[in-house]
A.B. asks: 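Before anything else, here's the structure in question.
Quick note on labels: first sequence line is chain A, next is B, and so on, each numbered from 1. The basis for the numbers below is simple: all heavy atoms, side chains too, and nothing from hydrogens, waters or symmetry mates. Being a predicted model, the structure only gives us computed values, none of them experimental.
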Protein chains: 2
Amino acid sequence: MTHTARRPTRRPLSRERVLEAAVRLADTSGLDAVSMRRLGTDLGVEAMSLYHHVSGKEALLDAMVEHVGAELNAEIAAHEAAGAPDPAKDWRAALRARALAARVVMLRHPWMPSVLESRTEMSLEVVRYFDGVVAILMAGGFGHDLTHHALHALGSRVIGFTQELFDPGDGEDTSEEVLAQMAQVVPNLMAMLADVAHTDGPEQTLGWCDDQTEFEFGLDVTLDGLERRRELRG
Amino acid sequence: MTHTARRPTRRPLSRERVLEAAVRLADTSGLDAVSMRRLGTDLGVEAMSLYHHVSGKEALLDAMVEHVGAELNAEIAAHEAAGAPDPAKDWRAALRARALAARVVMLRHPWMPSVLESRTEMSLEVVRYFDGVVAILMAGGFGHDLTHHALHALGSRVIGFTQELFDPGDGEDTSEEVLAQMAQVVPNLMAMLADVAHTDGPEQTLGWCDDQTEFEFGLDVTLDGLERRRELRG
DNA sequence: ACCTGAACACCGTTCAAGT
DNA sequence: ACCTGAACACCGTTCAAGT
């Protein structure tokens with residue numbers, strides 16, 4: 001065995017390599033693990049070397065969003081090539097398909113929602129995604145004004161996620177005593193939870209509780225409400 | 001003038017005083033300013049003294065949420081005492097009024113949404129708020145199952161905010177050149193923006209772009225969609 | 001019981017120095 | 001041009017010591 005084979009081949013660092021490593025690190029170990037120092041270690045390099053490829057931590061996060069945004073648009077393009085609903089015929093189906101396709105990408109990167117929301121400058125790739133959403137709504141007969149309102153009403157759902165408020169909780173450590181106490185303080189909520197008893201098997205979560213069924217329900221409710229507005233104004 | 005008057009009266013630190021200072025600090029200087037050291041300085045005390053009243057940074061954030069949650073429920077109670085819509089007669093009006101009342105509190109604490117979403121354990125006061133939401137939906141004729149779905153569909157809107165994806169941007173530094181370039185890449189979006197041209201005056205923002213008009217539009221769209229589901233199933 | 005100061009293990013970032 | 005190491009100014013938190 002040679003000497004050169006022993007030490008890991010040190011490809012020169014590149015912006016692309018930095019971003020791939022950062023996204024992978026966030027995917028596997030969570031966003032908190034993404035520090036300049038840790039990222040440097042993963043790449044076999046000093047943290048300070050990263051500054052030759054990204055101007056700082058914030059720029060790194062911007063670039064990570066852009067990286068996933070590109071993945072997102074590639075996914076959408078693939079869907080469209082494979083035959084997607086025609087927005088002029090059925091805007092609802094077209095938008096629904098787009099949101100669900102986006103969701104697949106988002107589920108691969110659970111840290112994306114929170115980083116996306118923390119950005120002060122917005123990603124060109126993500127804007128491009130929204131441009132496609134606008135195109136669908138306009139083709140569906142929404143005016144500019146209603147399209148604008150619709151974007152706000154749909155919020156993050158149109159890009160495949162909803163940032164839920166609570167982790168539903170594992171329910172493992174909730175003793176009978178605690179449950180009885182809760183029933184006193186929040187009786188309506190407890191009665192509801194006892195009745196619905198989530199038994200849908202393993203849920204796909206994105207950040208917090210946000211399973212597929214609830215995501216689609218919320219999306220459809222919003223699409224229904226928008227369709228009504230369109231009929232009224234259109 | 002006496003000596004005792006000169007140095008700031010040093011009331012003994014209490015949990016309440018710590019929480020009030022933390023909330024005020026977050027309100028005025030943003031969440032990033034809330035560090036144990038900075039908070040200690042504000043209270044005229046070493047950072048380590050705080051650990052006698054909160055067990056750590058995470059516990060402090062939990063307690064801040066609980067503090068605002070209490071303010072939220074007090075606001076709701078005041079609204080109800082002043083005469084709120086009867087949910088049995090008009091669940092829509094009752095829920096709408098509750099969400100808008102909650103929003104007033106949220107606007108006083110723009111950091112609340114992000115902290116709320118980052119909590120792993122949920123606040124009793126906030127849960128109490130949701131218990132009231134469940135009560136309204138049940139009184140309005142939703143079953144337990146539909147009430148559960150409705151909570152997911154409404155998401156954070158029911159507690160007075162939507163976490164918008166983008167800051168609309170000041171538009172101050174967007175040159176003609178950049179606009180022309182954008183029109184190439186995202187033509188649909190640019191056409192829409194040119195048409196709607198936000199001129200509603202100063203917008204109330206909560207975190208990101210989330211003005212009152214858009215908030216109410218999104219809320220009403222969701223309420224419409226839910227009412228339809230209720231009619232179908234009820 | 002309540003508060004302190006030093007210390008530890010982390011951050012992001014600057015800067016002068018190496019090759 | 002690319003990478004390094006020491007240094008700076010911050011974190012949260014532990015722990016032994018003070019009153």
Side-chain angles (χ1 to χ4, degrees), chain A residues 3-4 6-26 28-67 111 114-115 117-121, chain B residues 3-4 7-26 28-67 111 114-115 118-121:
Chain A
H3 277 277
T4 50
R6 195 170 293 160
R7 78 149 133 72
T9 39
R10 181 129 115 179
R11 277 176 295 160
L13 212 52
S14 71
R15 186 177 163 87
E16 191 59 23
R17 265 192 4 107
V18 170
L19 297 185
E20 272 167 18
V23 168
R24 187 165 40 236
L25 179 56
T28 34
S29 306
L31 190 63
D32 286 346
V34 181
S35 73
M36 299 301 275
R37 291 169 134 99
R38 168 76 189 271
L39 185 55
T41 306
D42 279 17
L43 286 161
V45 105
E46 294 293 316
M48 298 72 208
S49 302
L50 302 173
Y51 285 81
H52 287 274
H53 302 98
V54 289
S55 66
K57 179 74 182 285
E58 286 302 303
L60 174 67
L61 293 172
D62 287 343
M64 286 169 72
V65 166
E66 192 73 356
H67 200 264
W111 48 272
S114 66
V115 178
E117 285 178 356
S118 72
R119 295 308 81 202
T120 177
E121 290 294 323
Chain B
H3 276 276
T4 51
R7 78 149 132 73
T9 39
R10 182 130 112 178
R11 277 177 294 161
L13 211 53
S14 70
R15 187 179 162 87
E16 191 58 23
R17 256 178 29 94
V18 170
L19 298 184
E20 273 167 17
V23 168
R24 188 166 38 238
L25 179 56
T28 35
S29 306
L31 191 62
D32 287 345
V34 181
S35 73
M36 299 301 274
R37 289 167 134 98
R38 168 75 188 271
L39 185 55
T41 306
D42 280 17
L43 286 161
V45 106
E46 294 295 314
M48 298 72 208
S49 303
L50 302 173
Y51 285 82
H52 287 275
H53 302 98
V54 289
S55 66
K57 179 73 182 284
E58 286 302 302
L60 174 68
L61 294 173
D62 287 343
M64 287 169 71
V65 166
E66 191 73 357
H67 201 263
W111 48 271
S114 66
V115 177
S118 72
R119 294 309 79 203
T120 176
E121 292 294 324

A.B. asks: Please give, in whole Å, the distance from C:dC2 P to B:L13 CG?
C.D. replies: 10 Å
A.B. asks: So, does A:S49 use its side chain to make a donor-acceptor pair with the main chain of A:V45 at under 3.5 Å?
C.D. replies: no
A.B. asks: Would you call A:D62 and A:V54 a side-chain contact if the rule is heavy atoms closer than 4.5 Å?
C.D. replies: no
A.B. asks: If a pair means Watson-Crick or G-U wobble with both distances below 3.5 Å, what does DNA chain D look like in dot-bracket form, with | marking bases paired to a different strand?
C.D. replies: ||.|||||...|||||.||
A.B. asks: Using atom NE2 of B:H52 as one end and atom P of D:dT19 as the other, report the distance to the nearest whole Å.
C.D. replies: 15 Å
A.B. asks: Judged by atom type as modelled, is there a donor-acceptor pair below 3.5 Å linking the side chain of B:S55 to the main-chain atoms of B:Y51?
C.D. replies: no
A.B. asks: Whether the side chain of B:S118 engages the backbone of B:V115 through a donor-acceptor N/O pair (distance < 3.5 Å, no angle test) should be reported.
C.D. replies: yes
A.B. asks: Going through the distances and angles, do B:H52 and B:L13 end up as a side-chain contact (heavy atoms from CB on, under 4.5 Å)?
C.D. replies: CA-CA 9 Å; B:H52 287 275; B:L13 211 53; over 6 Å; no
A.B. asks: With sequence neighbours left out, what residues match A:E58 under salt bridge (charged side-chain N to carboxylate O under 4.0 Å, His left out)?
C.D. replies: A:R119
A.B. asks: Identify the residue among B:V34, B:L61, B:V23 that makes a side-chain contact (heavy atoms from CB on, under 4.5 Å) with B:W111.
C.D. replies: B:V23
A.B. asks: Shorter than 3.5 Å, N or O on both sides, protein versus nucleotides 11-18 of chain D: list them out with atom names.
C.D. replies:
{"unit_1": "D:dC11", "atom_1": "OP1", "unit_2": "B:S35", "atom_2": "OG", "d": "3.4"}
{"unit_1": "D:dG12", "atom_1": "OP1", "unit_2": "B:M36", "atom_2": "N", "d": "3.3"}
{"unit_1": "D:dG12", "atom_1": "OP1", "unit_2": "B:K57", "atom_2": "NZ", "d": "3.1"}
{"unit_1": "D:dG12", "atom_1": "OP2", "unit_2": "B:M36", "atom_2": "N", "d": "3.0"}
{"unit_1": "D:dG12", "atom_1": "N7", "unit_2": "B:R37", "atom_2": "NH1", "d": "2.3"}
{"unit_1": "D:dG12", "atom_1": "O6", "unit_2": "B:R37", "atom_2": "NH1", "d": "3.2"}
{"unit_1": "D:dG12", "atom_1": "O6", "unit_2": "B:R37", "atom_2": "NH2", "d": "3.4"}
{"unit_1": "D:dT13", "atom_1": "OP2", "unit_2": "B:Y51", "atom_2": "OH", "d": "2.9"}
{"unit_1": "D:dT13", "atom_1": "OP2", "unit_2": "B:K57", "atom_2": "N", "d": "2.8"}
{"unit_1": "D:dT13", "atom_1": "O5'", "unit_2": "B:Y51", "atom_2": "OH", "d": "3.4"}

A.B. asks: Below 4.0 angstrom from OP1 or OP2 of D:dT4, is there any side-chain N or O of A:S49?
C.D. replies: yes
A.B. asks: Is it true that A:H53 and A:E16 share a donor-acceptor pair across their side chains at a distance under 3.5 Å?
C.D. replies: no
